[in-house]
Amino acid sequence: MRELSNILLDWYDQHARSMPWRVSPADRKAGHKPDPYAVWMSEIMLQQTTVAAVRDYFRKFMSTWPTVADLAGAEDADVMAAWAGLGYYARARNLLKCARVVVAEHDSTFPSDYNSLLTLPGIGPYTAAAVASIAFDKPETVVDGNVERVMARMYDVHTPLPAAKPELTALARDLTPNQRPGDYAQAVMDLGATICTPRNPACGICPWRDPCAARKAGTAADLPRKTPKKKVPTRFGISYVARRADGAWLLETRPETGMLGGMLGWPGSAWEDDPQPMPPMAADWTEIGEEARHTFTHFHLRLRIMIAVVDQDAAPTHGMFVAHQEFSPAALPTAMRKVYDLAETTLRTV
């Protein structure tokens with residue numbers, strides 16, 4: 001097992017991907033240690049999001065809030081606005097909660113062990129293992145989708161996911177070395193992302209090609225097997241976009257719990273099979289001819305869009321008008337921004 005780990009580490013020393021949150025193998029060997037805050041930040045952002053999408057967000061957050069204490073002292077609205085577009089907004093809320101716990105209860109220092117990390121808001125088993133391993137070089141087993149794929153092929157595991165997770169985790173644990181476990185964890189993930197890819201794995205240049213059981217069996221391209229997903233349901237809703245005579249927009253802060261919790265959005269109905277109209281004020285509402293469509297993890301969303309231009313003295317029953325110069329569509333979550341793009345195009349002609 002140690003020989004396999006060493007083979008992969010030798011490959012990683014030559015082929016490690018460059019990441020803004022990563023300390024290169026050469027720098028690590030020279031004594032440079034990863035910043036636990038940066039490692040944690042990147043791992044939260046990377047949950048269910050691609051590396052390409054995260055890079056610029058990571059740089060922006062680290063530039064705006066360079067330490068965990070800076071983030072803990074930030075305004076919630078500022079952080080949520082900076083997060084807009086990354087999706088899965090519960091991560092942003094937990095980001096703030098975790099930063100504040102680290103500052104208040106851990107003297108602004110991230111704990112280094114797996115069990116202590118698990119007690120922090122928003123940190124589950126994967127993230128705790130990743131931070132302990134990458135930031136503190138603890139021999140924890142880090143298993144993401146890339147690692148599951150590599151293990152399934154390395155050992156020709158045909159049990160479908162998610163049932164195969166315990167078996168694949170045990171196999172990954174057996175390969176995790178005590179020396180350089182942080183580099184090793186990143187090496188397996190890099191292997192999965194660049195060579196042992198979901199389609200057309202480049203087995204010919206893989207450092208583990210000789211011992212790979214699936215390559216020998218000719219099954220690599222078919223693994224890992226997955227249990228067929230259930231059909232994703234569709235929910236419906238109504239969004240109300242009101243522009244005041246002076247250019248201000250009617251917005252509301254969504255409830256802390258639930259989808260897009262704590263984010264700015266357009267007033268509207270519940271998202272369900274048969275949404276009932278819930279206009280935020282009396283107005284001459286007009287439905288535009290297009291729906292805003294967005295897909296979340298567990299459902300598709302289709303939003304009818306009602307627009308109105310209202311008088312200066314319009315008084316909504318809920319929500320608040322935001323002055324035109326203070327309103328930024330970029331601060332809206334993606335689903336709400338899609339509503340804006342469609343509504344604004346129509347309102348331009350009103």
Of all the heavy-atom pairs spanning [X] and [Y], show the shortest one and how long it is.
| X | Y | result |
| --- | --- | --- |
| S108 | V68 | O-CG1, 3.6 Å |
| Y155 | L171 | CD1-CD1, 3.7 Å |
| A128 | I123 | N-CG2, 3.6 Å |
| T334 | G85 | OG1-CA, 3.6 Å |
| H318 | P279 | CE1-O, 4.3 Å |

Is there a continuous path of hydrophobic side-chain contacts, each under 4.5 Å between heavy atoms, that joins [X] to [Y]?
| X | Y | answer |
| --- | --- | --- |
| V23 | Y184 | no |
| M278 | I305 | no |
| L251 | L342 | yes |
| V339 | V309 | yes |
| F321 | M336 | no |

Which distance, rounded to the nearest 0.5 Å, do you find between the [atom1] of [X] and the [atom2] of [Y]?
| X | Y | atom1 | atom2 | result |
| --- | --- | --- | --- | --- |
| W271 | H294 | CH2 | NE2 | 8.0 Å |
| R93 | C98 | CZ | SG | 15.0 Å |
| L223 | M154 | CG | CE | 13.5 Å |
| D174 | M151 | CG | CE | 9.5 Å |
| L96 | E75 | CG | CD | 10.0 Å |
| M306 | T286 | CE | OG1 | 7.0 Å |

Presence of salt bridge, [Y] and [X], under 4.0 angstrom:
| X | Y | answer |
| --- | --- | --- |
| D222 | R153 | no |
| D13 | R180 | yes |
| D56 | R59 | yes |
| R293 | E291 | yes |
| R215 | D156 | no |
| R149 | D144 | no |
| R235 | D273 | no |

Within a 6.0 Å radius of atom [atom1] on [X], are there more than 12 heavy atoms belonging to other residues, nucleotides or ligands?
| X | atom1 | value |
| --- | --- | --- |
| H158 | NE2 | yes |
| H298 | NE2 | no |
| E287 | CD | yes |
| D210 | CG | yes |
| Q47 | CD | yes |
| Q312 | CD | yes |

Please answer whether the main-chain N or O of [Y] pairs with a side-chain N or O of [X] as donor and acceptor at a distance below 3.5 Å.
| X | Y | value |
| --- | --- | --- |
| R244 | W249 | no |
| S42 | V39 | yes |
| Y57 | A84 | yes |
| D137 | G182 | yes |
| T119 | S116 | yes |
| T317 | P280 | yes |
| R91 | M45 | yes |
| S5 | L175 | yes |
| S133 | P181 | yes |
| R22 | R17 | yes |

For this session: Would you please test D183 and K29 for salt bridge (charged side-chain N to carboxylate O under 4.0 Å, His left out) and show each step?
Result: CA-CA 10 Å; D183 280 349; K29 288 180 179 179; over 6 Å; no
For this session: Would you please test H15 and D190 for side-chain contact (heavy atoms from CB on, under 4.5 Å) and show each step?
Result: CA-CA 9 Å; H15 301 283; D190 276 13; over 6 Å; no
Is any side-chain heavy atom of [X] closer than 4.5 Å to a side-chain heavy atom of [Y]?
| X | Y | value |
| --- | --- | --- |
| L161 | R225 | no |
| I307 | R243 | no |
| L191 | C206 | yes |
| Y37 | L71 | yes |
| M189 | I134 | yes |
| L168 | V143 | no |
| M41 | L95 | yes |
| Q276 | D274 | yes |

For this session: Test V51 against M19 for side-chain contact (heavy atoms from CB on, under 4.5 Å), laying out the working first.
Result: CA-CA 9 Å; V51 168; M19 310 282 197; 3.7 Å; yes
Exercise. Going through the distances and angles, do N94 and I44 end up as a side-chain contact (heavy atoms from CB on, under 4.5 Å)?
Worked result: CA-CA 9 Å; N94 283 327; I44 299 299; over 6 Å; no
Exercise. Would you call the rings of W21 and F58 parallel, tilted or perpendicular if under 30° counts as parallel and over 60° as perpendicular?
Worked result: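 Rings of W21 and F58: perpendicular, over 60°.
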For this session: Step by step, work out the side-chain contact (heavy atoms from CB on, under 4.5 Å) result for E167 and V157.
Result: CA-CA 9 Å; E167 181 181 1; V157 175; 3.6 Å; yes
For this session: Carefully, step by step, assess E43 and Y126 under the rule side-chain hydrogen bond (donor to acceptor under 3.5 Å, both in side chains).
Result: CA-CA 9 Å; E43 290 298 336; Y126 167 77; 3.1 Å; yes
For this session: Take F327 and Y340, measure what ring-ring contact (aromatic ring centres under 6.0 Å, His included) needs, and give me the verdict at the end.
Result: CA-CA 12 Å; F327 170 68; Y340 169 80; 5.4 Å; yes
Exercise. Do the ring centers of W266 and Y240 come within less than 6.0 Å of each other?
Worked result: no
Problem set entry | Proximity of F110 and W40 rings by center, below 6.0 Å | yes
For this session: Dump the intermediate steps for ring-ring contact (aromatic ring centres under 6.0 Å, His included) on F296 and F299, then the final yes or no.
Result: CA-CA 5 Å; F296 294 98; F299 66 94; 5.0 Å; yes
